[in-house]
Amino acid sequence: MPRATLVFLCVLHLNTVSGCELFGRFDMPSLFHHGDIMIGGIFPVSYKEIRSTSTFEREPPGVKCAGYDLVYLFLLFMLACLFLLSLLVYVHVQQQLCNFINLFRFDLRAFRWTQVMIFAIEEINKDPALLPNISLGYRILNSCSFPANTLRAALTLASRPEETEFNSSCPPTISAVIAASGSSQSLAVAGTLGPFQVPIVSYFSTCACLSDRAKYPTFFRTIPSDYFQAKALAALVKHFGWQWIGAIQSDNDYGRNGILSFTEEVKKLGVCIAFVGTIARTYSMDKILDVVEMIRRSTVKVILAFVPEGDFYPLMKEVVKQNITGIQWIASEGWITATKPSTPEIYQAFGGALGFVMQKMAMPKLKPFLTNINPYTDPSAAFVKDFWEIMVGCRPVLPEEHRMDKICTGNETLLNSQHAFFDVTQLRATYNVYKAVYAIAHALHQLIFCKPAGQKPVRPCLNVVNFRNEFGDDVFFDENGDPPASYDIINWQLRNGQVQHVTLDCYNQLNMSVPTSVCSNVCPVGTRKAQIKGKPTCCFDCIPCADGTIANSTGAADCTPCPQEYWSNERKDECIPKTTEFLRYHEPMGIALTVVSLLGASLSLVTMMVFIHYRETPVIKASNSELSCFLLFSLFLCFLCPLTFMGRPTVWTCMLRHTAFGVTFALCISCVLGKTIVVVTAFKATIPGNKVAGKFGPAQQRIIVCSCTMIQILICVLWLKFKPPFPDMVFRYSNKKIVLECNTGSEAAFYAVLGYIGILAIVCLVLAFLARKLPDNFNEAKFITFSMLIFCAVWITFIPAYISSPGKFTVAVEIFAILSSAFGLLSSIFAPKCYIILVKPEKNTKKHVMGKKMNKK
């Protein structure tokens with residue numbers, strides 16, 4: 001842990017020059033005790049300074065703090081009116097109002113600070129080990145809680161004490177100052193006395209700006225910097241999950257810098273400040289009401305008040321008056337343990353307040369010192385008479401005074417008082433004053449006794465304050481003049497009708513329900529934040545995630561896209577696998593196509609069996625039984641091809657389905673082409689002298705069928721070798737499903753297969769059309785022409801339907817085209833022959849087959 005120096009620059013500010021002359025003085029009451037070395041103290045014993053307008057025509061009047069004397073004249077006037085009604089009522093009312101006015105203007109806590117400073121100095125003077133043979137003196141002034149008056153007090157301390165006589169030699173000026181209670185006041189003192197190398201030790205100024213050693217090289221403090229308090233408050237906000245809070249700052253350096261430090265810390269945590277209200281004890285009621293209205297209109301449930309007690313108390317009373325409740329107040333150390341607002345009345349709106357304060361300390365030896373305070377011991381001591389009147393309830397009157405209010409008898413005592421002023425078990429700022437006095441004393445001791453008397457120093461003065469006091473505390477400062485940060489968590493709780501400042505060991509000891517304070521509720525899963533224009537980042541709308549994206553945690557800023565194979569569920573909080581789509585055997589469409597395919601294959605086999613059984617009949621002989629059987633076998637294979645198009649695509653099924661389709665249909669059309677050529681040559685044979693029919697026998701027919709089929713096989717082999725079909729996942733048809741299909745690999749090869757089949761079909765159609773008028777009763781060319789018309793019509797319509805059909809319907813269209821064209825060939829070519837063979841056997845004669853030709857002859 002760093003050890004820092006309290007720099008006194010080896011200068012005690014001892015002034016031994018005689019004949020000093022004081023040109024002017026501020027008329028400021030003080031507590032004074034002469035010593036070899038003087039220490040100054042500035043404390044806010046009064047709450048407010050009474051300002052007067054200077055006309056610059058004469059010397060300005062002395063500084064007065066808001067208090068009893070000015071109000072007393074008005075009070076006497078009012079009481080004089082009441083005197084006519086009842087003397088008894090007059091005395092009672094006057095006494096109660098006097099006590100109230102003194103209580104309002106007199107800060108008991110600050111007065112205790114002055115007494116602790118005196119107590120510590122007296123302890124040091126009695127300690128033979130610390131500053132032996134050197135007495136410490138003090139001069140304590142009232143700052144009236146106002147920077148300008150604090151500056152007057154600092155200048156007064158830097159000049160010759162007014163309590164000494166002018167004919168004496170100039171007494172020692174102060175060697176250090178214990179000041180001040182507020183950061184703005186300390187800035188004024190440090191900025192004024194710092195250039196003169198006067199050390200200032202503050203007991204209650206926490207502004208982080210005072211740690212700037214370039215500006216304030218002689219400023220030290222026994223209270224941690226707001227830099228650490230801001231971090232502690234931010235951690236408190238984070239612990240309870242508050243994201244939408246308000247802030248109240250005092251109109252001074254303490255409030256502004258404190259809120260600035262806090263804002264910087266909470267912004268790192270994503271916390272938003274809804275508003276920042278500014279108040280001060282000198283503000284008019286209209287300004288205070290504006291802040292109250294700001295609190296009333298806001299939706300925040302948590303408000304941080306970074307203000308001192310005196311600035312915050314008027315606002316607290318107004319909040320209670322307007323019954324603004326349901327707010328969790330977070331307090332700075334400036335008011336969380338203050339006695340004045342800790343009343344059951346204020347608790348109605350501020351109960352459960354949380355804040356951080358310095359760690360407490362018990363000082364048992366202090367209580368006898370406080371109970372021995374007596375106005376009769378030193379009648380000229382400042383502030384003591386007002387304190388006595390508050391505590392005892394009567395006004396001590398000295399011989400030269402004549403008062404009309406209740407007079408003390410002189411027998412009053414504070415020994416049995418139960419007032420909180422005498423509670424020395426939970427001292428915080430008071431303990432800081434005590435440490436400040438001892439820090440100065442130890443620094444002076446090291447400064448004076450760092451070398452043997454009358455000898456040159458063998459090393460520089462240590463100027464390092466690092467000691468352990470009687471309470472076991474290590475007192476030291478870091479390089480910025482700050483002490484180590486250590487805080488207690490304080491919670492306001494009402495016990496036995498009294499507001500207690502309960503120190504918490506952990507948050508579980510909170511005797512209250514912790515509110516929720518957010519501008520917008522946390523977005524649930526499946527939604528994302530959408531910033532509201534013109535609002536802080538904590539104010540947002542919750543927008544459902546788009547399809548295909550998810551937010552699986554609350555408060556998501558953005559939705560996360562699902563991987564390509566996944567899709568978001570209905571709640572948009574989980575990515576689920578997309579459904580896969582392909583033509584299945586067990587779905588209705590697959591079942592229907594399978595049944596039709598097997599039916600066609602069965603009909604082809606049955607027809608083949610009929611043709612084999614009746615191969616010697618005229619109808620079968622006239623239709624070329626060998627080519628007919630080849631054609632029926634190819635149709636059988638064509639009807640089985642659709643079965644390879646159904647089911648989950650694999651590498652083998654994808655290669656098989658397209659090549660099998662191409663080869664079987666090429667074989668089929670080749671057989672039809674052979675039959676057509678046979679019919680045409682038969683017609684040519686009827687012409688005298690034509691020998692074409694003799695040259696086109698069974699061998700030539702087989703060669704045509706095989707050669708035409710081999711060309712298609714060659715195309716398919718090249719296709720499979722270079723760019724074979726493969727199973728593919730298609731995402732373009734739907735966001736929620738994956739279409740599994742066979743990618744053709746090469747579109748050119750696919751359309752080459754179709755094109756070749758189309759060429760064969762067109763050749764067949766042309767030849768059959770030319771032979772459609774043969775003079776036979778059974779003209780097969782007519783049936784071939786009709787079948788080719790059906791075939792071409794089916795495949796011409798197939799191409800646009802194939803291209804435009806999505807997903808599995810593309811496969812269904814292709815299967816439908818295969819089955820339709822196959823049934824067209826089977827029904828057009830073989831149905832008439834089967835009809836004659838099976839239904840009209842009487843027509844299955846050579847006479848009937850050749851009937852038309854013979855009739856013409």
Side-chain angles (χ1 to χ4, degrees), residues 6 8 12-14 30-43 111-141 157 161 163-164 171-179 199 201 203 220 222 361-384 387 413-415 421-425 427-450 453 462 464-476:
L6 178 61
F8 284 94
L12 289 179
H13 297 280
L14 297 177
S30 65
L31 294 170
F32 178 82
H33 179 75
H34 188 273
D36 298 328
I37 301 176
M38 298 294 294
I39 300 176
I42 303 176
F43 300 94
F111 179 72
R112 183 167 62 183
W113 297 340
T114 66
Q115 299 305 304
V116 168
M117 178 177 173
I118 298 172
F119 169 75
I121 289 176
E122 291 185 1
E123 268 193 348
I124 293 169
N125 288 337
K126 297 175 183 178
D127 188 349
L130 186 59
L131 293 174
N133 301 320
I134 297 177
S135 64
L136 292 181
Y138 57 83
R139 189 178 185 195
I140 301 173
L141 300 178
L157 292 174
E163 287 79 0
T164 60
T173 57
I174 57 164
S175 296
V177 177
I178 298 177
V201 183
Y203 50 91
F220 300 83
T222 55
M361 182 59 66
M363 299 175 60
K365 296 179 182 179
L366 178 61
K367 185 171 183 178
F369 181 85
L370 295 178
T371 55
N372 285 329
I373 299 175
N374 194 304
Y376 303 107
T377 304
D378 183 5
S380 62
F383 321 127
V384 177
F387 164 76
T413 179
L414 301 175
L415 294 178
F421 178 86
F422 303 101
D423 184 4
V424 295
T425 60
L427 301 179
R428 301 181 192 275
T430 303
Y431 180 59
N432 288 344
V433 176
Y434 182 83
K435 289 192 295 184
V437 176
Y438 267 87
I440 293 173
H442 278 269
L444 288 169
H445 185 91
Q446 293 182 24
L447 178 65
I448 296 172
F449 299 104
C450 66
L462 295 176
V464 175
V465 173
N466 187 0
F467 66 95
R468 176 169 294 181
N469 62 19
E470 63 175 296
F471 303 105
D473 265 3
D474 292 322
V475 181
F476 60 91

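Just so you know, residue 1 is the first one in the sequence shown, and it goes up from there.
Here the OH atom belonging to Y438 is positioned 10.5 Å from the CD1 atom belonging to I121, to the nearest 0.5 angstrom. Atom-to-atom distance recorded for L31:CG and T114:OG1 is 5.5 Å, nearest 0.5 angstrom. Here CD1 of I37 is found 11.0 Å from CD1 of I440. Values are rounded to the nearest 0.5 Å. To the nearest 0.5 Å, atom CD1 of residue I178 and atom CD1 of residue I140 are 8.0 Å apart. A distance of 4.0 Å separates CD in E470 from OH in Y434, rounded to the nearest 0.5 Å. Here the CE atom belonging to M38 is positioned 8.5 Å from the NE2 atom belonging to H33, to the nearest 0.5 angstrom.
Looking at F111 and Q115, their side chains come closer than 4.5 Å, going by heavy atoms from C-beta outward. Using a 4.5 Å heavy-atom cutoff, the side chains of W113 and M117 are not in contact. L427 has its side chain within reach of R112: a pair of non-hydrogen atoms, C-beta onward, lies under 4.5 Å apart.
Shown here for V465 and A439, the closest heavy-atom pair between the two residues is CG2-O, 3.8 Å. The two residues Y203 and I42 have their closest heavy-atom pair at OH-O, 3.0 Å. Smallest separation of non-hydrogen atoms from P199 and S175: CD-O, 3.3 Å. What you find for N469 and K435 is that their closest heavy atoms are ND2-CG, 4.2 Å. Smallest separation of non-hydrogen atoms from L141 and S30: CD2-CB, 3.0 Å.
Under the 30°/60° scheme for interplanar angles, the aromatic rings of F421 and F387 are found to be tilted. Between F471 and Y431, the two ring planes are perpendicular [angle over 60°; tilted spans 30° to 60°].
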Only pairs under 3.5 Å count here: list side-chain donor-acceptor contacts from residues 128-138, not counting sequence neighbours, and write none if there are none.
| residue | atom | partner | partner atom | Å |
| --- | --- | --- | --- | --- |
| S135 | OG | D36 | N | 3.0 |
| S135 | OG | D36 | OD2 | 3.2 |

List, one per line, each side-chain donor-acceptor pair under 3.5 Å for residues 362-372, sequence neighbours excluded.
| residue | atom | partner | partner atom | Å |
| --- | --- | --- | --- | --- |
| T371 | OG1 | K367 | O | 3.1 |
| T371 | OG1 | P368 | O | 3.0 |
| N372 | ND2 | P368 | O | 2.9 |

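With hydrogens and angles ignored, the 3.5 Å screen pairs no side-chain donor or acceptor of D473 with any backbone N or O of V475.
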